[in-house]
Amino acid sequence: MYKVPGCENPKHPMHFTLEAAVIWTSVPQPVREEITLKTWCRHCELPAPLCEYGGSMKGRVLVLKGKCGFCIRRINQMVDTYLLPMPQN
């Protein structure tokens, strides 16, 4: 799994639900990098790296929750998975 440079923290590993992990790993690597490097931070008012993040699913939306790589406040990124295949139960 791609890790944002400078955001690794062994005390706070990434936590994904099983369904979210399956979906996240099905997203192409360049797209995952783009998402994690350019998540909007409303506090900094600019795109920021998403650090110490994890994910869960809300319907067909992958919700990534983590910290801003600049101000360390909580930020979220919603990823619409409509065009991705959903895992079979």
Side-chain angles (χ1 to χ4, degrees):
M1 189 167 296
Y2 178 76
K3 297 199 188 262
V4 178
C7 290
E8 297 86 5
N9 186 342
K11 293 181 181 178
H12 301 283
M14 297 184 293
H15 294 285
F16 283 82
T17 62
L18 179 59
E19 185 180 16
V22 169
I23 295 293
W24 183 239
T25 55
S26 72
V27 175
Q29 181 74 15
V31 176
R32 289 195 312 246
E33 291 176 19
E34 183 78 16
I35 291 169
T36 55
L37 290 174
K38 295 184 178 179
T39 298
W40 184 259
C41 177
R42 66 182 180 94
H43 307 287
C44 297
E45 297 185 351
L46 53 92
L50 181 63
C51 296
E52 299 175 21
Y53 63 94
S56 62
M57 296 298 297
K58 286 196 175 185
R60 290 193 69 109
V61 175
L62 172 62
V63 180
L64 299 175
K65 295 182 178 185
K67 294 181 180 179
C68 171
F70 300 131
C71 71
I72 314 299
R73 292 184 177 158
R74 290 183 184 183
I75 57 175
N76 299 329
Q77 178 69 46
M78 310 289 251
V79 181
D80 186 355
T81 62
Y82 181 72
L83 297 176
L84 296 174
M86 293 300 283
Q88 301 297 320
N89 291 334

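Reckoned from all heavy atoms, side chains included, excluding hydrogens, waters and symmetry mates. Sequential numbering from 1 along the given sequence is applied to the chain's residues.
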Practice item. Mind checking the CG-CD1 spacing from Leu18 to Ile23? Nearest 0.5 Å is all I need. Key: 10.5 Å
Exercise for review: Mind listing the closest non-hydrogen atom pair of Val27 and Arg32 along with its distance?
Suggested key: O-NH1, 2.9 Å
**Study point:** Joint cluster assignment, Val31 & Val79, ILVMFWY side-chain distance < 4.5 Å
**Key:** yes
Practice item. Go through the structure and list residues passing side-chain hydrogen bond (donor to acceptor under 3.5 Å, both in side chains) with Arg73, not counting sequence neighbours. Key: His43
**Study point:** Heavy-atom pair of closest approach, residues Leu62 and Ala20
**Key:** CD1-CB, 3.6 Å
Point to revise | Leu37 with Phe70, same ILVMFWY side-chain cluster at under 4.5 Å | key: no
Practice item. Mind checking the NZ-CE spacing from Lys65 to Met78? Nearest 0.5 Å is all I need. Key: 8.5 Å
**Study point:** Heavy-atom side-chain contact between Tyr53 and His15 under 4.5 Å
**Key:** no
Check your understanding: How long is the span from the NZ atom in Lys38 to the CD atom in Glu33, to the nearest 0.5 Å?
Key -> 11.5 Å
Check your understanding: If every non-hydrogen atom of Met57 is compared with every non-hydrogen atom of Thr17, which pair is closest and at what distance?
Key -> N-OG1, 4.2 Å
Exercise for review: Find the distance between CD1 (Ile75) and SG (Cys68) and round it off to the nearest 0.5 Å.
Suggested key: 5.0 Å
Check your understanding: Could you state the interatomic distance from CZ (Arg74) to CZ (Arg42), rounded to the nearest 0.5 Å?
Key -> 12.0 Å
Exercise for review: Answer whether the closest heavy-atom distance between the side chains of Leu64 and Phe16 falls below 4.5 Å.
Suggested key: yes
Review point. So how far is it from Thr81 OG1 to Lys58 NZ, rounded to the nearest 0.5 Å?
Key: 14.0 Å
